[in-house]
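Every heavy atom of this structure was used, including side-chain atoms; hydrogens, water molecules and symmetry mates were not.
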Amino acid sequence: GKSAQELFQERLGDSIGIDPTAWEWGDYLAPDGTVVDGGGGWFDQGVVISALDLARLGHLLLNHGNWEANSY
């Protein structure tokens with residue numbers, strides 16, 4: 001029942017210091033009242049992310065899911 005944005009922040013973003021207010025998550029559908037987050041290849045929708053937060057994700061990927069000796 002949670003959006004992709006809520007799940008991302010809860011499971012990963014908070015752990016690596018991503019600011020949830022610095023991102024913009026586009027929504028493109030609401031089938032049956034469930035909002036579907038953007039980023040799925042639609043031209044005018046998606047996720048707008050800061051360079052710093054993108055670097056945090058890159059660091060996590062380069063270190064195979066390890067962030068400061070913790071594995072996610």
Side-chain angles (χ1 to χ4, degrees):
K2 295 182 181 180
S3 69
Q5 179 181 4
E6 291 170 318
L7 288 173
F8 173 84
Q9 194 62 37
E10 178 183 297
R11 295 183 181 181
L12 182 65
D14 289 338
S15 301
I16 65 173
I18 288 179
D19 177 9
T21 64
W23 288 40
E24 294 178 28
W25 294 71
D27 301 326
Y28 65 89
L29 286 177
D32 301 326
T34 303
V35 175
V36 178
D37 293 304
W42 293 88
F43 175 70
D44 63 344
Q45 295 294 329
V47 178
V48 178
I49 180 175
S50 71
L52 178 60
D53 287 343
L54 183 58
R56 289 177 181 279
L57 290 173
H59 176 80
L60 187 67
L61 290 172
L62 285 172
N63 288 292
H64 306 284
N66 292 309
W67 184 271
E68 295 182 8
N70 296 315
S71 183
Y72 297 99

Here the gap from F8 atom CZ to L57 atom CG, rounded to the nearest 0.5 Å, amounts to 4.5 Å
Do any N or O atoms from the side chain of Q9 and from the backbone of D19 form a donor-acceptor pair under 3.5 angstrom?
no
After noting the C-alpha distance and the side-chain angles of L12 and L7, does the key distance pass the side-chain contact (heavy atoms from CB on, under 4.5 Å) rule?
CA-CA 8 Å; L12 182 65; L7 288 173; over 6 Å; no
Out of curiosity, does L52 fall in the hydrophobic cluster containing I49 (side-chain heavy atoms, cut-off under 4.5 Å, transitive links)?
no
Counting N and O atoms only, with roles assigned by atom type, does the side chain of N66 sit under 3.5 Å from a partner on the main chain of N63, one being a donor and the other an acceptor?
yes
Looking at I16, is its backbone amide N or carbonyl O close enough to the side chain of R56 to form a donor-acceptor pair, meaning the two atoms are under 3.5 Å apart?
yes
